[in-house]
There are 2 protein chains.
Amino acid sequence: MVVDKPSEADLDRLFQAFADRTRRDILTRALNAEYSVSELAAHYAMSFAAVQKHVAVLERASLVTKEKRGREQIVRVQVEALRRARRLLDEYEKVWRDRADRIADILTEGMKGQPK
Amino acid sequence: MVVDKPSEADLDRLFQAFADRTRRDILTRALNAEYSVSELAAHYAMSFAAVQKHVAVLERASLVTKEKRGREQIVRVQVEALRRARRLLDEYEKVWRDRADRIADILTEGMKGQPK
DNA sequence: CTTATCTACAACCATTTGGTTGTAGGTTAG
DNA sequence: CTAACCTACAACCAAATGGTTGTAGATAAG
């Protein structure tokens, strides 16, 4: 029972978000501790605006949300989006496994039919 | 024990490869049955060369290999690359879980220290 | 209050991406 | 053998991407 099925555009955005090392690092940091955008920005050799853009990509992919706290925006990881990506990869592997099993079955049946 | 640690560039390419619906569909098809590049191309409303490009992206991400069979190139999924992506997502989730546990511990300790 | 910090947003730029059409060589079927 | 099929590769193009600098408004610290 799948309550929310991500659209293709959602999945595009989701995997696109992971396809940049800075963004992967932002996710790791934000998973480990609470960070504001500027605290995150201090860790990267790029302009603040560049880091903002990365955070915006993550936000658009539903991987993070921003929570205003005074003059700061705290970046919070949304683990449900992580799980969505993982589920797709799980399914690929399941298809692969099913097919490997099917091939093994065919080979077994083939050998049974051989002695006749 | 991690025998082969993917580079950041590898991971960029890997997730980038998933970030397009046609490429995700190619992976699904190639996981389900054996396809040549032109058989794959027949399923998409785009030029053959466009599909070739998509296959090249998947190849560059180590998600598929091409095996020449006569005048055809058969597209084979490399499940190890799939697993690599999945492992990264698993690690994110582990970090998340560890942190959730740590927060629960702190709250429990905090309540213990309350009555004093 | 003033200054410092934090952020949103815009405009710019070089590179990359996801598509196109075209050319040409190799393999297969009839 | 010829025609059909399959592929590699190139050149092109519009849009997107990952960075830059600049401007301006809001919040916090002193």
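Below, read A as the first sequence line, B as the second, and so on, with proteins coming before strands; counting in each chain starts at 1. What's counted below: heavy atoms across the whole structure, side chains too, no hydrogens, waters or symmetry copies.
In this structure, A/Asp12 atom CG and C/dT17 atom C1' are separated by 13 Å, rounded to whole Å. B/Ile26 places its CD1 atom 13 Å from the C1' atom of C/dG19, with the value rounded to the nearest Å. Between the P atom of C/dT23 and the CZ atom of B/Phe48 lies a distance of 17 Å, rounded to the nearest Å. As a whole-Å value, the separation of B/Glu39 CD from D/dC6 P is 8 Å. Note: CD (A/Glu59) to P (C/dC9) measures 10 Å, nearest angstrom. Protein atom CZ of B/Arg13 is 14 Å distant from nucleotide atom C1' of C/dT16, rounded to whole Å. For A/Leu58 and D/dT17, the CG to P distance is 13 Å, given to the nearest whole Å. With rounding to whole Å, A/Arg21 atom CZ is found 14 Å from D/dG19 atom C1'.
Residue contacts shown for B/Arg23 are limited to sugar-phosphate atoms, with no base heavy atom under 4.0 Å away. Using a 4.0 Å heavy-atom distance criterion, A/Gln16 is classed as a sugar-phosphate-only contact. Note on A/Ser38: only backbone sugar-phosphate atoms sit closer than 4.0 angstrom, heavy atoms only; bases stay farther off. B/Arg69 comes within 4.0 angstrom of no nucleic acid atom, judged by non-hydrogen atoms across all strands.
In this structure, B/Lys68 does not reach the C/dT27 phosphate: none of its side-chain N or O atoms is under 4.0 Å from OP1 or OP2. Phosphate contact (OP1/OP2 of D/dT17, side-chain N/O of A/His54, threshold under 4.0 Å): absent. OP1 or OP2 of D/dA8 has at least one side-chain nitrogen or oxygen of B/Gln73 nearer than 4.0 Å.
Between the side chain of B/Gln73 and the backbone N or O of B/Lys68 there is at least one donor-acceptor pair closer than 3.5 Å. Judged by distance alone, with hydrogens and angles left aside, the side-chain atoms of B/Tyr44 form a donor-acceptor pair with the main-chain N or O of B/Ile26 at under 3.5 Å. No donor-acceptor pair closer than 3.5 Å links the side chain of B/Arg23 to the backbone N or O of B/Phe18. Judged by distance alone, with hydrogens and angles left aside, the side-chain atoms of A/Tyr92 form no donor-acceptor pair with the main-chain N or O of B/Val79 at under 3.5 Å.
Nearest to the side chain of B/Ser36, among C/dA8, C/dT20, D/dT7, sits D/dT7. Nearest to the side-chain atoms of A/Ala49 among the listed nucleotides D/dA8, C/dA10, D/dC6 stands C/dA10. For B/Lys53, the listed nucleotide lying nearest its side chain is D/dA11; candidates were D/dA11, C/dA4, D/dC9. Closest approach to the A/Arg71 side chain among D/dT7, C/dG19, C/dT5 is made by C/dT5 (side chain taken as heavy atoms from C-beta onward). Listed nucleotides: D/dT7, D/dT21, C/dG19. Nearest to the side chain of A/Ser47: D/dT21. In this structure, of D/dT27, D/dT20, C/dG18, it is C/dG18 that holds the atom nearest to the side chain of B/Asp20.
For the pair B/Arg87 and B/Glu91, the salt-bridge criterion is not met [side-chain N within less than 4.0 Å of a carboxylate O]. The existence of a salt bridge linking B/Asp10 and B/Arg13 is confirmed by a sub-4.0 Å separation between a basic side-chain nitrogen and an acidic carboxylate oxygen. Here B/Asp25 pairs with B/Arg29 in a salt bridge; the nearest charged N to carboxylate O distance falls below 4.0 Å. A salt bridge is absent between B/Arg102 and B/Asp98; no separation between the charged side-chain nitrogens and carboxylate oxygens falls under 4.0 Å.
Each of A/Glu72 and A/Gln52 has a nearest nucleotide on DNA chain D; the 5'-most of these lies closest to A/Gln52. Checking B/Ile74 against A/Gly70, the closest nucleotide of DNA chain D that is more toward the 5' end is the one next to B/Ile74.
Taking five base pairs at each end of the helix from C/dC1-D/dG30 to C/dG30-D/dC1 and finding the rotation axis that steps the C1' atoms of four pairs onto the next four gives two axes whose angle is 30°, to the nearest 10°.
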